[in-house]
Novice: 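My questions all concern the structure below.
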Amino acid sequence: MNTTSNGIVYGYARVSTDDQTCKNQHLTIQGKYPDLKKWYQDEGVSGTVPATQRPALAKVLELVEAGDTLVVVAIDRLGRDTLDVLNTVETLKKKGVSVVSLRENFDMTTPIGGFMLTLLAGLASLEKATIKERQLAGIKRARAEGKNLGKIKIIDDGQVAKWREANNASIAQTAKHFGISLSSVKRACSNSPA
């Protein structure tokens with residue numbers, strides 16, 4: 001199933017943090033669809049952000065037409081909120097667009113695919129809630145044992161923000177200057193008083 005009869009195949013990938021990359025997802029999709037020409041990705045965007053508020057996915061939703069196919073590596077790339085994923089797939093289905101998830105190995109616009117989507121999205125939501133409960137229990141236990149939680153902050157937000165402004169530097173230049181991540185620079189600049 002490397003091409004559609006008359007539509008365009010779109011590849012979509014998402015990673016939640018700036019430290020991650022969509023490269024592996026791209027390679028996986030390209031391996032199944034070597035002629036893929038339309039590629040969209042959201043980097044540093046949580047799956048809890050609604051589909052229509054993610055720049056690349058919102059663009060895909062706008063561009064796709066009847067007969068097209070949207071391919072993702074896994075259902076959780078479309079989102080982690082069950083209702084949002086279901087709404088996204090339903091929107092695409094109404095437009096006549098097929099949605100293919102490679103990990104789960106199904107076309108979500110078929111009746112069986114729709115059932116599997118609902119089931120898998122529900123299980124993913126349950127798993128996320130269970131992980132959160134375990135994290136909170138672990139934090140509570142660590143605090144009860146008197147352990148210090150979190151990393152010790154090694155950068156001064158105000159210093160980072162002032163240097164960036166004084167040097168009219170980009171986020172990347174500032175990160176390189178201080179030897180910190182892009183997300184640390186963003187956080188420092190948003191936390192620093194204006």
Side-chain angles (χ1 to χ4, degrees), residues 1-136 183 186-187 190:
M1 186 169 68
N2 290 349
T3 58
T4 56
S5 57
N6 57 5
I8 298 170
V9 178
Y10 290 80
Y12 173 74
R14 179 188 59 77
V15 290
S16 300
T17 68
D18 292 331
D19 301 335
Q20 298 171 313
T21 176
C22 292
K23 188 171 186 176
N24 288 341
Q25 294 175 57
H26 192 172
L27 291 172
T28 300
I29 293 171
Q30 197 79 47
K32 296 279 185 181
Y33 294 85
D35 298 329
L36 179 75
K37 301 284 190 267
K38 301 287 185 176
W39 178 256
Y40 293 87
Q41 62 191 40
D42 283 308
E43 293 186 301
V45 180
S46 169
T48 59
V49 173
T52 56
Q53 293 177 20
R54 288 186 240 152
L57 187 53
K59 186 71 174 170
V60 170
L61 293 173
E62 181 184 312
L63 293 174
V64 292
E65 298 176 349
D68 291 345
T69 301
L70 174 62
V71 183
V72 293
V73 167
I75 190 65
D76 64 359
R77 298 304 85 197
L78 286 178
R80 295 207 179 262
D81 177 89
T82 307
L83 288 176
D84 187 47
V85 172
L86 293 173
N87 286 337
T88 300
V89 172
E90 192 58 35
T91 297
L92 291 165
K93 189 176 177 180
K94 284 179 182 172
K95 289 181 89 169
V97 176
S98 295
V99 183
V100 175
S101 175
L102 299 179
R103 183 173 65 196
E104 291 85 12
N105 196 28
F106 59 77
D107 179 338
M108 292 177 265
T109 56
T110 66
I112 291 176
F115 170 73
M116 292 300 294
L117 169 67
T118 304
L119 184 64
L120 289 169
L123 290 172
S125 185
L126 177 62
E127 180 182 1
K128 183 181 175 188
T130 302
I131 290 169
K132 186 70 172 169
E133 284 179 22
R134 287 183 191 147
Q135 284 176 329
L136 292 174
S183 56
K186 291 175 188 175
R187 195 169 28 257
S190 67

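Values below: all heavy atoms of this structure, side chains included; hydrogens, waters and symmetry mates excluded.
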Novice: Would you say Arg54's side chain and Leu78's backbone share a donor-acceptor pair under 3.5 angstrom?
Specialist: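 Looks like yes, one N/O pair under 3.5 Å.
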Novice: Do Leu102 and Lys32 pass the side-chain contact (heavy atoms from CB on, under 4.5 Å) test, and can you show the C-alpha distance, the side-chain angles, and the key distance before you say yes or no?
Specialist: CA-CA 9 Å; Leu102 299 179; Lys32 296 279 185 181; 4.0 Å; yes
Novice: Heavy-atom count around Lys95 NZ within 6.0 Å, excluding the residue itself: above 12?
Specialist: yes
Novice: Do any N or O atoms from the side chain of Asp68 and from the backbone of Gly7 form a donor-acceptor pair under 3.5 angstrom?
Specialist: no
Novice: Looking only at heavy atoms, which two atoms of Trp39 and Cys22 are closest? And how far apart?
Specialist: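 Scanning both residues completely, I find the closest heavy atoms to be CZ2-O, 4.4 Å.
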Novice: How many angstroms lie between atom OG1 of Thr21 and atom NE2 of His26, to the nearest 0.5 angstrom?
Specialist: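 One gets 10.5 Å once the value is rounded to the nearest 0.5 Å.
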Novice: Return the minimal non-hydrogen interatomic distance between Asp35 and Gln30, and the atom names on each side.
Specialist: N-NE2, 4.4 Å
Novice: Is it true that, when you exclude Gln135 itself, more than 12 heavy atoms of the residues, nucleotides or ligands shown sit nearer than 6.0 Å to its CD?
Specialist: yes
Novice: Establish, from distance only, whether the side-chain atoms of Arg103 and Ser101 form a donor-acceptor pair under 3.5 Å.
Specialist: no
Novice: Atom CG of Leu57 and atom OG1 of Thr88: how far apart are they, to the nearest 0.5 Å?
Specialist: 6.0 Å
Novice: Salt bridge (Lys or Arg N to Asp or Glu O under 4.0 Å) with Glu62: which residues, sequence neighbours excluded?
Specialist: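 So Glu62 forms a salt bridge (Lys or Arg N to Asp or Glu O under 4.0 Å) with Lys59.
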Novice: Looking only at non-hydrogen atoms, find the nearest pair between Ser16 and Gly47 and report the distance.
Specialist: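 What the structure gives for the nearest pair is OG-N, 4.3 Å.
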Novice: Working to the nearest 0.5 angstrom, can you tell me the gap between Asp84 CG and Thr52 OG1?
Specialist: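 Nearest 0.5 Å value for the CG-OG1 distance: 7.0 Å.
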Novice: Taking side chain as C-beta onward, heavy atoms only, is Tyr33 less than 4.5 Å from Val100?
Specialist: yes
Novice: Does Ile112 CD1 have over 12 foreign heavy atoms under 6.0 Å away?
Specialist: no
Novice: Under a 3.5 Å distance rule, please check whether Gln53 uses its side chain to pair with a backbone N or O of Pro50 as donor and acceptor.
Specialist: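 No.
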Novice: Are Leu63 and Tyr40 close enough, and set up right, to give a side-chain contact (heavy atoms from CB on, under 4.5 Å), and what steps lead you there?
Specialist: CA-CA 11 Å; Leu63 293 174; Tyr40 293 87; 3.0 Å; yes
Novice: Has the side chain of Gln25 got a donor or acceptor atom that lies under 3.5 Å from a matching backbone atom of Arg14?
Specialist: yes
Novice: Please report the interatomic distance CD1(Ile131) to CG(Leu136), rounded to the nearest 0.5 Å.
Specialist: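 Between atom CD1 of Ile131 and atom CG of Leu136 there are 12.0 Å.
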Novice: To the nearest 0.5 Å, what is the distance between CG (Leu70) and NZ (Lys38)?
Specialist: 13.5 Å
Novice: Could you pull out the closest heavy-atom pair between Ile75 and Val85, with the gap in Å?
Specialist: CD1-CG1, 3.8 Å
Novice: Distance from Leu92 atom CG to Thr69 atom OG1, nearest 0.5 Å?
Specialist: 10.5 Å
Novice: Assess the residue pair Asp42 and Tyr12 against the criterion (side-chain contact (heavy atoms from CB on, under 4.5 Å)); give the C-alpha distance rounded to whole Å, side-chain angles, the decisive distance to 0.1 Å, and a yes or no.
Specialist: CA-CA 8 Å; Asp42 283 308; Tyr12 173 74; 2.7 Å; yes
